[in-house]
Amino acid sequence: LCELPLKRLILKSNSLTGTIPSCLFSMPTLEVFDLSNNKLSGSLADATTIDTNHTRRLSSIYLNDNDISGTISDVLFKIPSLVRLNFADNNLIGTLPPLD
């Protein structure tokens, strides 16, 4: 999946389970990924290894309505093209970094 030259990966509302593959945060052609309204769990800890040079096109991440836990990595906020980020209705903790 992560080797495909996808621009959009939309898998919302499919009752998917398991964790989010960390490679989704490193797909160089991906602009939008929407895994909202599933049953995904685990944490976003793997997002701390994001190379923002590989995510230059990523503009939207939708992970709302899952069972994701832990903290949100500051690295996500350093993706230069990111304009939409939805993590609502999960089990996240912590604080958000300053939005400059």
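One-based numbering along the sequence shown. In what follows, every heavy atom counts, from backbone to side chain, and hydrogens, waters and symmetry copies are set aside.
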Got a list of side-chain donor-acceptor pairs under 3.5 Å for residues 6-15, not counting sequence neighbours?
{"unit_1": "S13", "atom_1": "OG", "unit_2": "N37", "atom_2": "ND2", "d": "2.9"}
{"unit_1": "N14", "atom_1": "ND2", "unit_2": "L11", "atom_2": "O", "d": "3.0"}
{"unit_1": "N14", "atom_1": "ND2", "unit_2": "K12", "atom_2": "O", "d": "3.0"}

Using side-chain heavy atoms (C-beta onward) and a distance below 4.5 Å, is L44 in contact with F25? yes
Between L35 and I20, is a side chain to side chain contact (heavy atoms under 4.5 Å, CB included) present by the stated rule, with each step listed? CA-CA 9 Å; L35 298 174; I20 300 164; 4.2 Å; yes
Look at the side-chain heavy atoms of Ile, Leu, Val, Met, Phe, Trp and Tyr, link any pair under 4.5 Å apart, and say whether L76 and Y62 land in one connected group. no
L82 versus I61: any side-chain heavy-atom pair under 4.5 Å? yes
Provide the full list of disulfide bond (SG atoms under 2.5 Å apart) pairs with a residue in residues 5-37, sequence neighbours left out, each pair given once. C2-C23
Could you pull out all residues at least two apart from T19 that satisfy side chain to side chain donor-acceptor pair (under 3.5 Å)? none
Within the side chain of S81, is there an N or O that forms a donor-acceptor pair under 3.5 Å with the backbone of L58? yes
Is a side-chain N or O of S36 found less than 3.5 angstrom from the main chain of D65, in a donor-acceptor match? no
Without placing hydrogens or testing angles, list every side-chain donor-acceptor pair under 3.5 Å for residues 83-92, not counting sequence neighbours.
{"unit_1": "R84", "atom_1": "NH1", "unit_2": "S60", "atom_2": "OG", "d": "3.2"}
{"unit_1": "N86", "atom_1": "OD1", "unit_2": "A88", "atom_2": "N", "d": "3.0"}
{"unit_1": "N90", "atom_1": "OD1", "unit_2": "N66", "atom_2": "N", "d": "3.3"}
{"unit_1": "N90", "atom_1": "OD1", "unit_2": "D67", "atom_2": "N", "d": "3.4"}
{"unit_1": "N90", "atom_1": "OD1", "unit_2": "I68", "atom_2": "N", "d": "3.0"}
{"unit_1": "N90", "atom_1": "ND2", "unit_2": "L63", "atom_2": "O", "d": "3.0"}
{"unit_1": "N90", "atom_1": "ND2", "unit_2": "F87", "atom_2": "O", "d": "2.9"}
{"unit_1": "N90", "atom_1": "ND2", "unit_2": "A88", "atom_2": "O", "d": "3.3"}
{"unit_1": "N91", "atom_1": "ND2", "unit_2": "D67", "atom_2": "OD1", "d": "2.3"}

Closest non-hydrogen atom pair between L24 and F33, with its separation: O-CE2, 4.0 Å
Tightest non-hydrogen contact, residues S59 and V32, listed as OG-CG2, 4.2 Å
N38 meets the side chain to side chain donor-acceptor pair (under 3.5 Å) criterion, sequence neighbours left out, with none
Distance (rounded to the nearest 0.5 Å) between S43 OG and I93 CD1: 10.0 Å
